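Scroll down for the structure; my scribbles are underneath it.
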There are 2 protein chains.
Amino acid sequence: MPALAEASRPKPSSLSDLEVESIEMFINFLRLLGWPKSVGEIYGLLFVSVGPLAMDEIMARTGMSLGAASQGLKLLREFGAVRTVYLPGVRKDHYVASGELSRFATSYIEEELLPRMRTAQERIQRMEKMMQSLPESGRQIPAERLDRLKYWLGKGQKVVPWLVKFLKL
Amino acid sequence: MPALAEASRPKPSSLSDLEVESIEMFINFLRLLGWPKSVGEIYGLLFVSVGPLAMDEIMARTGMSLGAASQGLKLLREFGAVRTVYLPGVRKDHYVASGELSRFATSYIEEELLPRMRTAQERIQRMEKMMQSLPESGRQIPAERLDRLKYWLGKGQKVVPWLVKFLKL
DNA sequence: CGAATCTTTCAATAAAAAATGAAGGATTGG
DNA sequence: CCAATCCTTCATTTTTTATTGAAAGATTCG
């Protein structure tokens, strides 16, 4: 058998109805987080897999490329959605889906949402300063909107930890 | 002055620091919802605008095209993030940013998140049926994951209305 | 009603994002 | 240490998404 890197793309072996259903479900969900289809494919496949799968098996089942499989697994590992299992006497890494689905949500909140909220708060401070140079008359309306946004962001930052905690349960 | 549709694209008139800051902020936020840059530009501009703006003014200030302005405003209208104001004796529609920022979040939850959660629940039911034909031995692990997902979705559907209510305050 | 103005639509183009696979790096078994 | 295997990286290609602006539709004014 030729080494993986030289191998022609393995033909996608047919997926079971169960696997297809799972894959479609996760493609749809992970799109909410802006993640590419390939990542949904990998996770969806692992989600209903009885045992751990190696990268080449994932490639063979889904028909995706080496690069996509490698990168997708990297991303999923970083987010803690997938982990490798130790199999004695086996060279290839084998992956299983982590049961903790909350990781998707909490990682998204912590790595996407919260940073943007913080940046926004800095921007608001700068904007408040800038507004002082607007004529008194016109300042009011945008100032009110800014206040509202500030209030709303503050509230958001308060719910988020609570929400994260709730999701982790 | 030539009619708008025939007019060459208006040169972007320079934006104030305040406007740039606001626009950048909303481009970043709305990207979370998967919305295009042009929409963030429009909303960011309106957000700090003292008075209502007509579409051609938005085009002139941001340098975006007729089509992008029209479509972006349509989207923002549909989501209730922007509304037209009545100005006596004025032909063009004029737009203001709605103060209710929560609309972005709640619309997203209601139009993107919830529908997907419902679809997922249907899929889960189908998957549970399909799993019955798996050999008893292998069924367990994916079945547990599915249970967890089901539980988690159920929880999610319970928080969401609460969250929406909280955000609307 | 008819001309002028304003808005929407959509086919074409441009820009951004994802997927591909060859090259090279890392690891392991002999 | 060498060779085989496995994994990652990244320049290129493909696919998807956003933008453009001309054409056509809708509205208003005289």
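Chain identifiers are assigned alphabetically (A, B, ...) following the order of the sequence lines, protein sequences preceding nucleic acid strands; residue numbering begins at 1 within each chain. Everything numeric here is computed off the predicted structure, so don't read it as measured data.
- Counting only heavy atoms from C-beta outward, the side chains of A:Leu163 and B:Trp162 never approach each other to under 4.5 Å.
- Between D:dT20, C:dT27, C:dT8, one nucleotide has an atom nearer to the side chain of A:Arg91 than all others, and that is C:dT27.
- For A:Met55 and C:dT27, the CE to P distance is 15 Å, given to the nearest whole Å.
- For the pair A:Leu66 CG and D:dC10 P, the interatomic distance rounds to 15 Å; values are reported in whole Å.
- Donor-acceptor pairing under 3.5 Å, judged by distance alone, is absent between the side chain of A:Gln71 and the base of D:dC7.
- One interatomic measurement links the two molecules: CD of A:Glu41 to C1' of C:dA19, which rounds to 10 Å at whole-angstrom precision.
- Atom pair B:Leu75:CG and C:dT7:C1' shows a separation of 16 Å (rounding to whole Å applied).
- Under 4.0 Å is where a charged nitrogen must lie from a carboxylate oxygen, and between B:Arg118 and B:Glu122 no such pair does.
- We find that A:Arg61 and A:Glu19 are joined by a salt bridge, their nearest charged nitrogen and carboxylate oxygen being less than 4.0 Å apart.
- Sequence order on DNA chain C of the closest nucleotides to A:Val90 and A:Gly67 puts A:Gly67 first from the 5' end.
- The interatomic distance linking A:Asp93 (CG) with D:dT5 (C1') rounds to 12 Å, in whole Å.
- When rounded to the nearest whole Å, the span between CE of A:Met64 and P of D:dT15 equals 16 Å.
- The residue among A:Ala54 and B:Ala68 whose nearest nucleotide of DNA chain D lies closer to the 5′ end is A:Ala54.
- Closest contact between the side chain of A:Lys92 and the listed nucleotides C:dT7, D:dC7, D:dT8 involves D:dC7.
- The number of heavy-atom neighbours closer than 6.0 Å to NZ of B:Lys155, taken from other residues, nucleotides and ligands shown, is above 12.
- Protein atom CD1 of B:Ile27 is 13 Å distant from nucleotide atom P of D:dA18, rounded to whole Å.
- The pair B:Glu128-B:Lys150 counts as a salt bridge, with a side-chain nitrogen and a carboxylate oxygen less than 4.0 angstrom apart.
- Taking only side-chain nitrogens and oxygens, A:Lys74 comes nearer than 4.0 Å to OP1 or OP2 of D:dT9.
- In this structure, CG in B:Leu53 is found 11.0 Å from CD1 in B:Ile42, a value given to the nearest 0.5 Å.
- Classified by interplanar angle (parallel below 30°, tilted 30° to 60°, perpendicular above 60°), the ring pair B:Phe47/B:Tyr43 is tilted.
- Taking atom NE2 on B:His94 and atom C1' on D:dT28, their separation rounds to 15 Å, with Å as the unit.
- Scanning residues 28-40 of chain B for heavy-atom distances under 4.0 Å to DNA chain D yields B:Gly34, B:Pro36, B:Lys37, B:Ser38.
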